[in-house]
Amino acid sequence: MSFDVIPFAGALHDTASLRRIEAAAARSLGDSHELMRRAGQSAWRELLAVWPQAQRVVVVCGPGNNGGDGYVLAQHAQQAGRDVQVVRLPGDAPRGDLARRAAEAYTGRVVEFAQSLPACDVIVDALFGIGFSRAPDDATRALIEAVNAHPAPVLALDVPSGVDADRGSVPGAAVDAARTVEFIASKSGLRTGAALDHVGTLTLATLQLGVDVFDGIAPQAERIAPVDLPRWLAPRRRDSHKGSNGRVLCIGGEHGSGGAIMLCAQAALRSGAGLVEVATRERHIAPLLSRLPEAMAHEVGDARALHDALDRADAIAVGPGLGQQDWGLHLYERAVASAKPLLLDADALNLLAIRPFALPADAVITPHPGEAARLLGITTAQVQQDRFAAARALSERYACVVVLKGAGTVVAAAHETPRVVAAGNPGMAVGGMGDVLSGVIAALRAQGMNAFDAASCGALLHAAAGDAAAHEGGERGLLPSDLMPWLRHFANRDPYVPEPMR
Ligand SMILES: NC(=O)C1=CN([C@@H]2O[C@H](COP(=O)(O)OP(=O)(O)OC[C@H]3O[C@@H](n4cnc5c(N)ncnc54)[C@H](OP(=O)(O)O)[C@@H]3O)[C@@H](O)[C@H]2O)[C@H](O)CC1
Ligand SMILES: [K+]
């Protein structure tokens with residue numbers, strides 16, 4: 001039995017699992033060359049579909065089976081009458097039976113790379129796939145840079161060469177692909193971190209394998225996209241009232257940063273919280289209420305008011321504009337001690353790093369890579385080198401749910417398969433976007449979602465709103481308040497997500 005639809009639409013696998021899947025596939029087909037034949041053929045079909053006019057095809061082949069896929073594609077192009085050249089590094093003759101057999105079956109030209117690549121209409125990157133394992137040496141780097149300097153678009157086979165398919169990091173140089181066609185299953189590392197600047201459009205060739213090849217192999221992560229939002233955001237019951245949609249308390253807004261807590265409160269309202277209260281500095285209350293009359297605001301000097309607000313809250317977001325002085329520290333301690341569903345962001349995370357209180361059960365933290373580095377005592381570069389490991393380490397160290405923000409936000413929690421958000425754009429890298437996310441997640445917690453789902457759905461809702469707002473007016477100049485109408489939009493209906501404006 002063979003299927004063209006893969007069993008788990010959002011499943012992401014690591015390379016170790018892919019090796020096991022590949023072995024199971026070879027056993028089920030009875031011939032591992034058949035896998036390579038199907039991979040090369042699928043990639044050729046993809047090239048034809050995207051670049052039907054391409055006459056001159058250069059295929060950069062590495063020494064392994066990724067290169068073998070490239071030779072199979074090259075032979076299809078040769079037989080279709082294209083002007084084909086295989087380019088390889090000196091001494092990079094195919095290793096292993098599969099790749100050698102594919103190279104022997106290729107009847108076109110093979111040239112050794114010197115300084116530059118021949119003129120052509122499309123380049124196929126078959127240098128490395130899931131076997132890429134270390135920073136490229138000078139010769140390899142020169143070849144990758146020649147590919148990137150060439151005007152022709154690049155089709156990467158399985159993985160853009162130079163990208164770590166497990167971590168998403170680039171330990172040197174990597175091919176800038178216009179399109180990457182993955183084989184058999186999607187790789188977790190191609191959806192987060194630096195990889196997102198190299199994969200281009202990602203497609204998957206299932207190689208017509210049966211679902212049995214996945215037996216006993218659990219995904220390493222799950223990709224979630226705006227189309228998944230209705231999983232968590234069911235239409236409202238008719239007999240709702242404001243109390244049934246939860247009460248959020250937003251805590252923060254030290255002198256000079258009243259806007260942060262206002263964005264948090266507004267995002268909570270726009271994400272469906274029934275009631276939103278704000279505990280902030282006295283001077284921010286009037287402007288906040290004039291901009292957001294739907295919120296209730298309390299001056300935190302009034303101990304009774306703060307105590308009652310903490311007591312009433314179904315979920316608390318602490319951190320936006322909180323500062324790290326005594327005032328902020330006091331509020332941080334009161335929020336953590338409240339044992340309520342808690343979201344910590346911004347300065348609350350900096351305070352957590354220096355005063356690691358035991359967090360209440362199911363707390364959610366939303367660090368950007370720099371805050372994650374402080375919380376782990378490592379460098380930001382080390383966080384970005386393996387975002388899955390960093391998110392997992394944070395979740396274990398603080399016994400909480402982690403939203404590791406950045407390109408391809410990772411959501412991790414103990415005993416859960418991590419989720420990667422397939423939405424968001426560089427326009428969202430602006431102050432205040434984190435304040436909005438805090439309000440969104442707190443609102444979903446207050447509406448009864450568990451911490452891992454609220455963090456996942458919240459990060460996805462936030463990113464979908466960011467993409468739609470960017471599509472509407474461009475990534476540069478995108479402001480947190482531009483997301484507000486879109487939060488409401490995607491929280492209420494099956495989303496379409498326009499391609500972000502380039
Ligand atoms: N996933 C599947 O089911 C299928 C996979 N296929 C294709 O096979 C590749 C994986 O092939 P593999 O031979 O394991 O590895 P690569 O071709 O990716 O890499 C080739 C060798 O390159 C060496 N290497 C690694 N990093 C570097 C580097 N930085 N510089 C130089 N050389 C490097 C490494 O060998 P070493 O012994 O030197 O470590 C690699 O083995 C997969 O991606 C698919 O394209 C099947 O054909 C289809 C199904
Ligand atoms: K490749």
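We use all heavy atoms of the structure for the numbers below, so side chains are in, but hydrogens, waters and symmetry mates are not. When a ligand or atom number is given, it counts from 1 through the structure's own listing order.
In this structure, I21 has no heavy atom closer than 4.0 Å to ligand 1. Residue contact annotation: P136 has a non-hydrogen atom under 4.0 Å from ligand 1. Within the structure, ligand 1 lacks V159 among the residues with a heavy atom less than 4.0 angstrom away.
A donor-acceptor contact closer than 3.5 angstrom links the side chains of N425 and D467. Residues S169 and Q384 have side chains that never bring a donor and an acceptor to within less than 3.5 angstrom of each other. In this structure, a donor-acceptor pair under 3.5 Å is present between the side chains of R88 and Y71.
When only interatomic distances are considered, the shortest N/O to N/O separation between D158 and ligand 1 falls below 3.5 Å.
Shown in contact with F132 at under 4.0 Å from a heavy atom are these atoms of ligand 1, numbered in order with element: 18 (O), 25 (C), 26 (N), 29 (N). Annotation for ligand 1: atoms under 4.0 Å from non-hydrogen atoms of A39 are 48 (C). Atoms of ligand 1 found under 4.0 Å from any heavy atom of G129 (numbered from 1 in listed order, with element): 16 (P), 18 (O), 43 (O). For ligand 1, the atoms closer than 4.0 angstrom to any heavy atom of M36 are 47 (O). Close approach to F128 involves these atoms of ligand 1, each under 4.0 Å from a residue heavy atom: 18 (O), 19 (O), 22 (O), 24 (N), 27 (C), 28 (C), 30 (N), 31 (C), 32 (N), 33 (C). Atoms of ligand 1 lying under 4.0 Å from any heavy atom of G64, numbered from 1 in the order shown and given with element: 13 (O), 17 (O), 20 (C). Close approach of ligand 1 to R95 is summarised as follows: ligand atoms under 4.0 Å from at least one heavy atom of the residue are 35 (O), 36 (P), 37 (O), 38 (O).
The pair D138-R141 does not meet the salt-bridge criterion, since no charged nitrogen lies less than 4.0 angstrom from a carboxylate oxygen. Between R20 and D14, none of the side-chain N atoms (NZ, or NE/NH1/NH2) sits under 4.0 Å from a carboxylate O, so this pair counts as no salt bridge. E182 has a carboxylate O that lies under 4.0 Å from a charged side-chain N of R191, or vice versa, which qualifies the two as a salt bridge.
The backbone and the side chain of S133 each have at least one atom closer than 4.0 Å to an atom of ligand 1 (non-hydrogen atoms only). No part of R38 comes within 4.0 Å of ligand 1, judged by heavy-atom distances. With a 4.0 Å cut-off on non-hydrogen atoms, I184 touches ligand 1 through its side chain and not its backbone.
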Return all side-chain donor-acceptor pairs below 3.5 angstrom for residues 101-109, not counting sequence neighbours, or 'none' if the list is empty.
unit_1	atom_1	unit_2	atom_2	d
Y106	OH	R109	N	3.0
Y106	OH	R109	O	2.8
T107	OG1	Q75	OE1	3.1
T107	OG1	Q75	NE2	3.4
R109	NH2	D83	OD1	2.5

Side-chain donor-acceptor distances from residues 126-137 under 3.5 Å, at least two apart:
unit_1	atom_1	unit_2	atom_2	d
D137	OD1	A139	N	3.4
D137	OD1	T140	N	2.8
D137	OD1	T140	OG1	2.6

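Here atom 15 (O) of ligand 1 lies nearest to G131 when heavy atoms of A135, G131, A156, G172 are compared.
In this structure, O of V159 and O of F128 enclose an angle of 80° at the K ion (ligand 2), rounded to 10°.
W44 and H76 have parallel rings, their planes meeting at less than 30° on a 0 to 90° scale where 60° marks the start of perpendicular.
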